[in-house]
Number of protein chains: 2
Amino acid sequence: MNVRLMHTNEKIAAVFAATLKLIHTNGFHGTPMSKIAQESEVAIGTIYHYFPSKDDLIFALFKHCRSLLNDYIFDGIKEDFDYKASFFHVWRNFVKFYLENAQIFSFFEQFFSSPYYEKNKAEIQEPVGGQNKVLDFLQEGIDKKILKQVNVHLLVASYIGVALSTVHNIKFKDLQFSEQNLKELMEIIWDGAVNRNKIIN
Amino acid sequence: MNVRLMHTNEKIAAVFAATLKLIHTNGFHGTPMSKIAQESEVAIGTIYHYFPSKDDLIFALFKHCRSLLNDYIFDGIKEDFDYKASFFHVWRNFVKFYLENAQIFSFFEQFFSSPYYEKNKAEIQEPVGGQNKVLDFLQEGIDKKILKQVNVHLLVASYIGVALSTVHNIKFKDLQFSEQNLKELMEIIWDGAVNRNKIIN
DNA sequence: TGCACCCGAATGAACGTTCGATTGATGCAT
DNA sequence: ATGCATCAATCGAACGTTCATTCGGGTGCA
């Protein structure tokens with residue numbers, strides 16, 4: 001099994017879709033291989049032909065979803081965007097990706113909070129939730145003296161943390177989704193992250 | 001079984017401690033009742049005497065931990081604290097509680113990301129992660145025109161989101177714990193949350 | 001012929017839960 | 001005081017189910 005195959009083989013696509021759907025509705029617990037086979041209409045034996053174990057399936061699915069996220073969030077940045085516009089754009093994409101892909105959000109939440117993630121942490125050097133590219137982007141803002149002159153990880157924690165918390169609150173709590181709310185949230189993060197010594201607006 | 005008993009009965013305390021420990025190290029998956037019985041040195045039959053099912057045990061444990069958190073975060077606020085000082089104090093307590101109780105943090109992360117939480121959402125009217133008291137506190141800041149004049153849920157998302165993200169980054173990533181880092185993070189949130197029309201420092 | 005792909009009944013381990021037995025404390029009638 | 005009944009607390013072997021995984025066989029293409 002290789003990455004290219006994962007995108008072309010429709011059986012694997014069906015398995016991914018079914019796993020995502022089942023984990024979203026029934027949780028990690030409630031998604032046995034038998035149900036994945038049923039939902040995807042792919043025989044259990046076939047699933048095990050591509051994935052040596054259930055863990056391997058989950059891990060492959062994780063990498064697949066992560067690349068979807070990474071492709072998404074930096075998409076659509078125009079040449080004429082200044083830093084603040086990009087700062088807003090990426091953050092908004094981040095939130096919208098999770099809102100539009102509720103199954104992936106749910107899967108990620110469960111994946112990251114499982115000791116399974118902790119065990120494979122070493123193998124997950126790459127961005128978590130697209131954070132590496134985000135990290136570079138925020139570091140750029142620090143270098144340009146646009147953002148506060150602090151450890152970039154602090155800004156990442158704020159940037160990502162508010163986004164995830166926002167999605168969670170929209171999904172589970174009383175927070176309504178609206179462009180106005182997103183705009184005000186972005187202002188909150190921006191005002192917090194921006195270098196007060198150079199503030200202009 | 002009632003709440004008072006839960007605090008006095010040492011068998012239940014042992015069961016709670018064992019469950020917390022096992023979930024932290026092995027995850028929701030890897031903590032069968034048999035292991036809880038083994039680790040706590042309480043017979044399976046006895047556990048089922050107090051909790052009708054595993055779900056009930058988990059739910060009771062959740063409520064227990066939540067009350068620990070609630071008791072903790074608003075503790076130690078002095079009379080002479082102004083709003084900003086309280087704002088910092090509570091946030092810092094929030095982060096420190098989770099850092100000092102890594103097992104509870106891990107348990108909460110798994111609990112909230114499980115569909116189990118979604119199913120019992122109705123029954124969990126009370127504060128999630130102490131958010132209700134936090135909500136009231138932030139609403140107070142809005143009413144006093146100290147914080148931005150926005151929907152309080154936006155500020156909650158920022159306040160809590162950054163805290164959780166910070167703990168997560170300290171636990172799993174490259175972020176070092178230091179008072180200096182906490183202080184800078186609190187400044188980021190404060191600068192984002194504060195009413196710019198009345199800014200003084 | 002070989003190899004990749006595909007299938008699903010069968011397997012054995014692990015799980016949540018049940019149940020009958022035992023103990024000791026409490027209350028009550030004698 | 002004594003005998004009796006009740007019941008919460010305790011225990012862990014046993015039960016039935018469900019799960020991840022295996023395996024032997026089937027198909028069609030190179």
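In what follows, chains are A, B, ... by sequence order, proteins preceding strands, each numbered from 1.
In terms of the side chain to side chain contact (heavy atoms under 4.5 Å, CB included) criterion, residue partners of B/Q149 (sequence neighbours excluded) are, by chain and number, B/I142, B/K145, B/N195. Applying the ring pair (Phe, Tyr, Trp, His ring centres under 6.0 Å) criterion to A/F172, with sequence neighbours excluded, gives A/H168, B/Y117.
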Check nucleotides 6-8 of chain D against the protein and report each pair of N or O atoms closer than 3.5 Å, with its distance, or say if there are none.
none

Please tabulate, one pair per line, each protein N/O and nucleotide N/O from nucleotides 13-18 of chain C that are separated by under 3.5 Å, including the distance.
residue	atom	partner	partner atom	Å
C/dG16	OP1	B/K54	NZ	2.5
C/dG16	OP2	B/M33	N	2.7
C/dT17	OP2	B/Y48	OH	2.7
C/dT17	OP2	B/K54	N	2.8
C/dT17	O5'	B/Y48	OH	3.4

Distances under 3.5 Å between protein N/O atoms and the N/O atoms of nucleotides 25-30 of chain D, please, pair by pair.
none

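The stretch residues 18-34 of chain B participates, sequence neighbours left out, in these side-chain hydrogen bond (donor to acceptor under 3.5 Å, both in side chains) pairs: B/K21-B/E39.
For A/F62 and A/F112, the ring centers sit closer than 6.0 Å to each other. In summary, the aromatic rings of B/F81 and B/F88 are positioned with their centroids too far apart to meet the 6.0 Å limit. Ring pair B/F97/B/F105: centre-to-centre distance not below 6.0 Å.
B/S158 is listed as a side-chain neighbour of A/L185, based on a closest heavy-atom distance under 4.5 Å.
In this entry the distance linking CG of A/L57 with C1' of D/dC19 reads 15 Å, nearest Å. Counting to the nearest Å, the P atom of D/dT21 and the CD1 atom of A/I36 are 11 Å from each other.
At D/dA9, none of the side-chain N or O atoms of B/T46 fall inside 4.0 Å of OP1 or OP2 (strictly under the cut-off).
If you check the side chains of A/S53 and A/D56, you find a donor sitting under 3.5 Å from an acceptor.
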Report the C-alpha separation of A/N101 and A/Y72 in whole Å, then their side-chain angles, then the decisive distance to 0.1 Å, and conclude whether the side-chain hydrogen bond (donor to acceptor under 3.5 Å, both in side chains) test is met. CA-CA 11 Å; A/N101 300 276; A/Y72 188 97; over 6 Å; no
Show, in sequence, the C-alpha distance, side-chain angles and deciding distance for B/H153 and B/L135, and conclude whether the side chain to side chain contact (heavy atoms under 4.5 Å, CB included) test is met. CA-CA 7 Å; B/H153 289 103; B/L135 190 138; 3.7 Å; yes
